[in-house]
Every structure is written in structure tokens, then in C-alpha cells.
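Everything on this sheet refers to the single structure shown next.
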Amino acid sequence: MNHDLPPFDDPAREREWQVQERARDAERRGLDPTADDARVRRYRLLARALREPMPGALPADFARRMAAQVAAAPSRRQVAGTRFESTLASALVVMLLVAGGVVLAYYGNAWLPAFRGLLPSSGTPATGWLLALGGCLGASWLLGLWQRHAHGSTA
Amino acid sequence: MDDAHASDRALVDAALANRPGAFERLVREHQGLCWHIIQRMVRNPEDTRELCQDTFLRVHQCLHQYRGESALKSWIGRVAYTIALRHLQHKRIPLAEAHEDDGAPLVETVADDFDLESAWADAETTQQLHRAIEALPPLQRTVLTLYYLEENTIPEIAHITGLASGTIKSHLFRSRLRLREALETRTGVAA
């Protein structure tokens with residue numbers, strides 16, 4: 001498995017490495033240590049300590065709880081789908097506003113006299129009250145729209 | 001090896017298709033590896049539990065990116081290692097020693113009167129050995145655990161840690177030599 005690794009430049013280090021590897025292999029295979037040389041026996045003691053199970057562990061139901069946690073969360077695909085829908089809706093609103101602006105720029109001058117005729121004559125108290133009422137209704141509609149949007153994006 | 005990769009691929013496909021029990025099995029099969037990597041890095045069971053949870057949430061988010069080019073355990077091990085590494089960086093704990101001494105002469109001859117079984121039975125010797133393992137820098141502790149306890153190969157450890165195989169070999173060599181020296185200080189048997 002590890003044979004492709006280049007040897008150390010220093011022959012003494014490479015010899016020591018080979019001893020370390022021999023000890024690891026002997027310990028894995030549970031070979032009799034009496035035939036080993038002194039250095040291999042020392043490294044076998046290290047191998048034995050390093051192969052001991054580590055204290056502590058995850059709770060027994062960890063895997064089940066993780067699976068339940070990810071199942072409750074929206075999947076990546078669902079999140080991506082919601083994000084796509086939201087982007088598309090925003091793009092459509094922008095397009096609608098741009099188109100409205102263009103139409104107003106082209107035909108606004110022709111429509112304006114007709115709208116002026118509908119409005120009560122300026123300067124009367126009724127005009128001010130009507131404008132204030134319209135402003136209040138518009139502001140409350142916009143506020144409701146914004147609240148629905150904010151609630152929808154955090155749910 | 002091919003069977004193992006095919007089995008990994010099948011498990012990942014089942015988890016991606018939300019088949020009942022698939023993700024739970026994936027977690028159960030790899031939670032030991034995550035515990036070993038993260039606990040060796042951070043050495044705090046509470047933090048380890050939390051980081052293991054973060055690891056599997058990340059695995060779930062990124063599972064579609066698994067291409068089967070490496071074993072699933074190496075891929076998950078890499079996620080666990082990266083999460084533990086970020087935790088250490090956040091706490092400003094160095095991963096490895098800034099200066100590794102390569103120039104020390106090697107002692108190749110040691111006294112022969114070392115009995116493996118009696119040394120293993122000696123509680124003080126094994127405790128000192130475990131203390132010496134704990135005293136190693138996080139990277140070396142983790143590399144040793146992956147090599148001995150998880151029985152990963154050096155290329156697999158290189159994949160998990162993102163380091164070159166030669167660097168892993170050097171870390172293994174130096175840390176084992178250091179532990180052997182610690183053992184000889186305890187038993188006083190160096191020739």
C-alpha cells in the first residue's frame with residue numbers, strides 16, 4: 001500500500017523507518033514478539049498503545065438523530081426551487097414596472113388632460129382630503145405587502 | 001477495492017434519493033472515523049460532539065459533490081478534518097510545531113533487555129506513553145490515529161489532510177521516533 005513512497009535520503013533514517021513499519025505490521029498481525037529485535041519490540045509497544053480504542057464516543061442514537069435532523073431541514077433542491085421562484089417573481093415585477101414606465105412616457109401626455117377633467121378643481125378642501133385618503137390607503141397596502149414578503153422569506 | 005467503491009456509490013445514491021435509513025447508515029458507518037479525527041485534533045469531547053454534528057450536516061449538504069474518485073471514508077474524513085482544522089484556527093491553536101528538528105542523530109543501538117509483554121503490563125509505562133501521545137501536536141496525533149487505529153494508508157491520510165504523502169511519512173517517522181525516545185526516558189534502557 002505504501003510501497004510507492006520514496007525512501008529517506010539518509011540511510012539511517014530509512015532503516016529506522018523500516019523498523020517502525022515492521023513493528024506496525026507485526027502488531028497488526030499479532031506475531032510472536034520473541035524473534036523481534038529490541039527496537040522492533042519498542043515500536044510494537046507504541047503500536048499497541050496507538051491501536052487502543054479512544055475513550056469517549058458519540059451517543060448510541062447519534063446516527064438516528066442526525067438522519068431525523070436532515071430530514072426535517074428542507075433539501076438543497078427544495079431550497080434551490082424556492083430561491084428560483086423568488087428570483088423569477090422579482091424579475092417579473094421589475095419588467096412590469098419598466099413596461100409601465102415606457103407606456104406612461106409614450107402616452108402620458110395624451111392621458112393627462114382626461115385625468116385632469118376627472119379630478120375636482122384644485123385648491124378646494126375636498127381635493128386635499130381625497131389625496132390624504134389615497135396616500136393612507138396606498139401606504140397601508142404597501143406595508144401589508146412588505147410584511148407578507150418578509151414573513152414568507154423567513155418561514 | 002472496486003466492490004468497496006461500488007458499495008460507497010450505492011450508499012451515496014440511496015442517501016441522495018432520500019431512501020429510508022440510507023443517511024442513517026452512512027452516519028453510523030463513518031461516525032467512528034469522525035470521532036477519531038476530531039477528538040484527536042481538538043481533545044474536548046463536548047466540542048467533538050458538536051463538530052461531528054457539523055461534519056454530517058456538511059456531508060449532507062455536499063453529498064451531491066461526491067464523485068467516487070476516492071473512498072467515501074476518505075471524503076468524509078476530509079470534511080471532518082477541515083471542520084476540526086477551522087475550529088483550531090478559530091481558537092488559535094497551532095496544528096503542528098513551527099520548527100521540527102530533523103538534524104538530531106539517530107540512536108540505532110538499544111539495549112536488548114526490553115520485554116514487550118511486561119512493559120505493556122506496566123500501567124505507569126503505558127500511562128506515560130499515552131501522555132507522550134497526547135503531548136504531540138494535533139496534526140501528528142491525528143496522523144498516528146489514522147495510521148494505527150483506522151488503518152488508513154499513507155495516500156488515504158494525505159487525501160484526508162490535504163498534505164503530500166511524503167509529508168505524512170515524515171510526520172509518522174518523527175512522531176514515532178519521539179515516542180520511542182519518551183519510552184526510553186521512562187524505562188532508561190537506551191544503550
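Chain identifiers are assigned alphabetically (A, B, ...) following the order of the sequence lines, protein sequences preceding nucleic acid strands; residue numbering begins at 1 within each chain. No experiment lies behind these values; they were computed from the predicted model shown.
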- Sub-3.5 Å donor-acceptor pair from the side chain of B:S7 to the main-chain atoms of B:D3, do we have one? no

- Find the one option among A:E27, A:R28, A:M66 whose heavy-atom pairs under 4.5 Å with chain B are most numerous. A:M66

- Highest number of heavy-atom pairs under 4.5 Å with chain A: which of B:R49, B:R25, B:K169? B:K169

- Query: Between B:L26 and B:L63, is a side-chain contact (heavy atoms from CB on, under 4.5 Å) present by the stated rule, with each step listed?
  - Reply: CA-CA 11 Å; B:L26 183 147; B:L63 202 55; 4.2 Å; yes

- Query: Do B:R176's NZ or CZ and the ring of A:W17 fall within the cation-pi criteria of under 6.0 Å and 45°?
  - Reply: yes

- Pick whichever of B:Q53, B:R28, B:Q39 has the most heavy-atom pairs under 4.5 Å with chain A. B:Q53

- Is B:R180 close to A:E16 at the side-chain level, that is, under 4.5 Å between some pair of heavy atoms? yes

- Working for side-chain contact (heavy atoms from CB on, under 4.5 Å), residues B:W75 and B:L72: CA-CA 5 Å; B:W75 189 80; B:L72 183 60; 4.1 Å; yes

- Query: Between B:L57, B:L172, B:T126, B:T145, which shows the greatest number of heavy-atom pairs under 4.5 Å with chain A?
  - Reply: B:L57

- Can any side-chain N or O of A:R24 pair as donor or acceptor with the backbone N or O of A:Q20 at less than 3.5 Å? no

- Note on the structure: So, the part of B:H36 with a heavy atom under 4.5 Å from chain A: the answer is both

- Could you point out which residue of A:R41, A:R44, A:R22 forms a salt bridge (charged side-chain N to carboxylate O under 4.0 Å, His left out) with A:D36? A:R44

- Task: Would you mind checking which part of A:E52 comes under 4.5 Å of any heavy atom in chain B, side chain (CB onward), backbone (N, CA, C, O), both or neither?
- Result: both

- Query: Under a 4.5 Å heavy-atom cutoff, which of A:P59, A:P33, A:A47 has the most pairs with chain B?
  - Reply: A:A47

- Item | Interface moiety of B:E150 toward chain A, non-hydrogen atoms closer than 4.5 Å | neither

- Query: Side chain, backbone, both or neither: which part of B:I133 has a heavy atom under 4.5 Å from chain A?
  - Reply: side chain

- Query: Looking at A:R51, A:M54, A:R48, which has the largest count of heavy-atom pairs under 4.5 Å with chain B?
  - Reply: A:R48

- Query: Top residue by heavy-atom pair count (under 4.5 Å) with chain A, among B:P45, B:A15, B:G166, B:C52?
  - Reply: B:C52

- Note on the structure: Whatever's closer than 4.5 Å to a heavy atom in chain A on B:S165 counts as both

- Item | Carboxylate-amine/guanidinium contact A:R65 B:E24, below 4.0 Å | no

